[in-house]
Amino acid sequence: MNEASSAPQVGEPYPLSTLRHSVAHLMASAVQNLYPGVKFGFGPAIEHGFYYDFDLPEPLVEKDLKRIEKEMRRIAKKTPELQCAEYGRETARTRLLERNQDFKVEGLESIPQGEAITFWSHGDWEDLCEGPHIDRLNRNFHFKLQSLAGAYWRGDESRPMLQRIYGTAFWEKEELTAHLAWLEEVKQRDHRRLGAELDLFSTHEVAGAGFVFWHPRLGVVRREIEDFWWGLHTERGYEPIYTPHVGREDLFGISGHIENYGEMMYAPMEIDGMPYRVKPMNCPGHILIYQNRGRSYRELPLRWAELGTVYRYERSGTLHGMLRVRGFTQDDSHIFCTPEQLAGEIAGVLELVVTILTAFGYEYTAYLATRPDEHTIGSDEIWDKAMAALSDGARQAGIELEVDEGGGTFYGPKIDFKVKDALGREWQNSTVQCDFNLPERFDLTYTDSDGKPKRPIMVHRAILGSFERFVGGLIEHFGGRFPFWLAPEQIALIPIREEQADTCRAYAQELRAAGLRVRCMDDPGHMNKKIKLAQHDQVPFMGIVGEREAQDGTLALRRRGTREQEVLGLAEFLAAVTRLRDSRSLELELQ
RNA sequence: GCUGCUGUAGCUCAGUGGUAGAGCACUUCCUUGGUAAGGAAGAGGUCACGGGUUCAAGUCCCGUCAGCAGCUCCA
């Protein structure tokens, strides 16, 4: 922490991003002192702090961060004044070349003609930088260097890799402490940690990287979500279809996947002398069903849904627990409709997205992703129509759209949803895409009322995205404390003495008959230990049965997260808990 | 894929080139306990895998696999 002499000023006159950028400079100057000859990349402020990229001959290790922090404090005291100077382009270039700063020279070259070229300095450190910065480094602020990582120069994997140091800074000490506590909470809720601790899923070296094995406790969660999902889809006129995981390579040739997506696909396998492929997407299969016979305008729209498992080759360094894997199940659906139906279909999909996301307690933002600058197919007219249909559908569904300029796919515009979880982090799962490409490639038609063949539009949509990513996110969102309807075990029954084990078993039978998931802890162990275990596993309700309860047909209930006890009759409890389950409430209140 | 780091019991982790360890979990026995871990004993190891250096490798070197942080990319 900076031990500056000045007392904290009310409302320090600089925004956090300015402070952080200045602390990045301070860090770079410390690195310069400790590692002469270092070359500098960029060092901006970012969402939760700052970073700076360095080209150093030796790799840094964690403990170097402490040294650098110490040097930073020394510099902040010794040469606190930050100064800005403007130079002509040639002078600037010379200054950088004198210091051997090749990356900075490249940075200079990308500054447009006519823009001011400024250097910021303190002590014998100076940096090509447009600022702004705080005035002096001995103001009262608090910082911490956090981690090391490699980062490509200008984010380009064909360029050299630099060493990046991440850090953060705040004006108030309490803010830094709170931020570090938040990071700790993020770590505690990490789905990989909870996955092991709560016996939810695993991956296996022998099975290969990026393949998730769902354990029984998480299988239950998935089944509940699937049932919920199918229920909503059936109500809205979706029909289930099932398609194979493997097919002849020609199918993916026609769809364009080999050409446009080949690098993401698993290599061909030879069957009866012919190449076959594992599917990376479900669309080609759905199209084959559409094409199987002639289609009339009278049967459109067709809404076909499949929980389709696909396999994609993701580069090894991108794999991450359940969130980024090589085999996953999409909650996929393709809607085949006429151009006139498009807006209404979009509205229907958006309503369903909102219904599902809010059921899990997510806040969301919707983005309209428009036509990319290059490499797109289809006429302006058809793009305009599709954009209009997406906007129109959103208006009908009462959803506001932000614009993601040029973020569409090559084959059409889309609406993406970002959700905000309980820790304020954003995830992207849901996507609704207009597709003009595949109907064209497969020459899809329907016979219109005038007897002429017309081209249908396909809407491709996934709401959860994939079960792996969605459920991995849910684990973190809930911190392993699933709401009652999803909880792997909903009720733990614990006898106080072995004499009450029979009563527990009878209770368990009755609760299970109502479809509840009950853990009957009737083994001859100690009650306190069983309470500890049930608590560890985040079971929503513990029902403790002693002599009194067994006699009265009651149980002493304890709700997850509390230590209070409430005695309820079994029938009363069963009725309340069934209501709670059917409501899919996110709260644990019994009514 | 790239840069850096890591891999020892189911889990969390000790281990100085010279006999492989602890806590929790597991099994058995004892314990009958009113709301966050009762006690004892036992079992459990290809030190990720393959090669090399050495009289001797968990330990040093190389390769492979897997994981972690980030970059790039994505549901």
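Here is the naming used below: chain letters follow the sequence lines, and residue numbers restart at 1 for every chain.
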> Think R164(A) forms a cation-pi with Y51(A), using NZ or CZ under 6.0 Å from the six-ring centre and within 45 degrees of its axis?
Replying inline: yes
> Shortest non-hydrogen contact from G49(A) to T168(A)?
Replying inline: CA-OG1, 3.6 Å
Just call it for [X]: base, sugar-phosphate, or nothing, with non-hydrogen atoms closer than 4.0 Å on any strand.
| X | answer |
| --- | --- |
| G317(A) | base |
| Q428(A) | sugar-phosphate |
| Y166(A) | sugar-phosphate |
| V310(A) | nothing |

> Of the nucleotides G70(B), A75(B), U32(B), which has the atom closest to the R312(A) side chain?
Replying inline: A75(B)
> A36(B), C73(B), U32(B): which one has an atom nearest the side-chain heavy atoms of E498(A)?
Replying inline: U32(B)
So, does [X] use its side chain to make a donor-acceptor pair with the main chain of [Y] at under 3.5 Å?
| X | Y | value |
| --- | --- | --- |
| K414(A) | T409(A) | no |
| D64(A) | V61(A) | yes |
| R558(A) | I544(A) | no |

> Got a sec: does the CD of E499(A) have more than 12 other heavy atoms crowding it under 6.0 Å?
Replying inline: yes
> Would one find more than 12 heavy atoms of other residues, nucleotides or ligands at under 6.0 Å from atom CZ of R236(A)?
Replying inline: yes
> Whole Å only: how far is the NZ atom of K532(A) from the P atom of A25(B)?
Replying inline: 10 Å
> What integer distance in Å separates R315(A):CZ from C74(B):P?
Replying inline: 10 Å
>> Just by distance, no angles: are the side chains of R312(A) and Y266(A) close enough, under 3.5 Å, to form a donor-acceptor pair?
In response: no
> Looking just at side-chain N and O atoms, do Q433(A) and H460(A) make a donor-acceptor pair shorter than 3.5 Å?
Replying inline: no
>> Under 3.5 Å for both pairing distances: what stems, at least three Watson-Crick or G-U pairs long, include RNA chain B?
In response: B:1-7 with B:65-71, B:10-13 with B:21-24, B:26-30 with B:38-42, B:48-52 with B:60-64
On a whole-Å scale, what distance lies between the [atom1] atoms belonging to [N] and [M]?
| N | M | atom1 | answer |
| --- | --- | --- | --- |
| A9(B) | G70(B) | P | 26 Å |
| C24(B) | A37(B) | P | 13 Å |
| A20(B) | G52(B) | P | 22 Å |

> Under 5.5 Å between ring centres and under 30° between planes: does that hold for H526(A) against the base of A37(B)?
Replying inline: no
> Between F328(A) and A75(B), do the rings stack, that is, sit under 5.5 Å apart with planes less than 30° off each other?
Replying inline: yes
>> Please give me every residue in residues 549-564 of chain A whose heavy atoms get under 4.0 Å of an atom in RNA chain B, ordered by residue number.
In response: E549(A), A556(A), R558(A), R563(A)
> In residues 181-188 of chain A, which residues come under 4.0 Å of RNA chain B by heavy atom?
Replying inline: none
> Do the rings of H320(A) and H191(A) sit parallel, tilted or perpendicular, given the 30° and 60° boundaries?
Replying inline: tilted
> When the ring planes of W230(A) and H233(A) are compared, do they come out parallel, tilted or perpendicular, using 30° and 60° as the limits?
Replying inline: perpendicular
> Does any N or O donor sit under 3.5 Å from an N or O acceptor when you compare the side chain of Y152(A) with the base of G1(B)?
Replying inline: yes
> Between the base of A36(B) and the side chain of Q535(A), is there any donor-acceptor pair under 3.5 Å?
Replying inline: yes
>> Which is more 5' along RNA chain B, the nucleotide nearest G327(A) or the one nearest I544(A)? Just name the residue.
In response: I544(A)
>> Return a single string for nucleotides 60-68 of chain B, one symbol per nucleotide in 5' to 3' order, where B is base contact, S is sugar-phosphate-only contact and - is none, cutoff 4.0 angstrom on heavy atoms.
In response: -----BSSS
>> Among residues at least two apart in sequence or on other chains, which ones pass salt bridge (Lys or Arg N to Asp or Glu O under 4.0 Å) with E426(A)?
In response: none
> Taking only residues two or more places apart in sequence, or in another chain, which ones meet D102(A) in a side chain to side chain contact (heavy atoms under 4.5 Å, CB included)?
Replying inline: K39(A), N100(A)
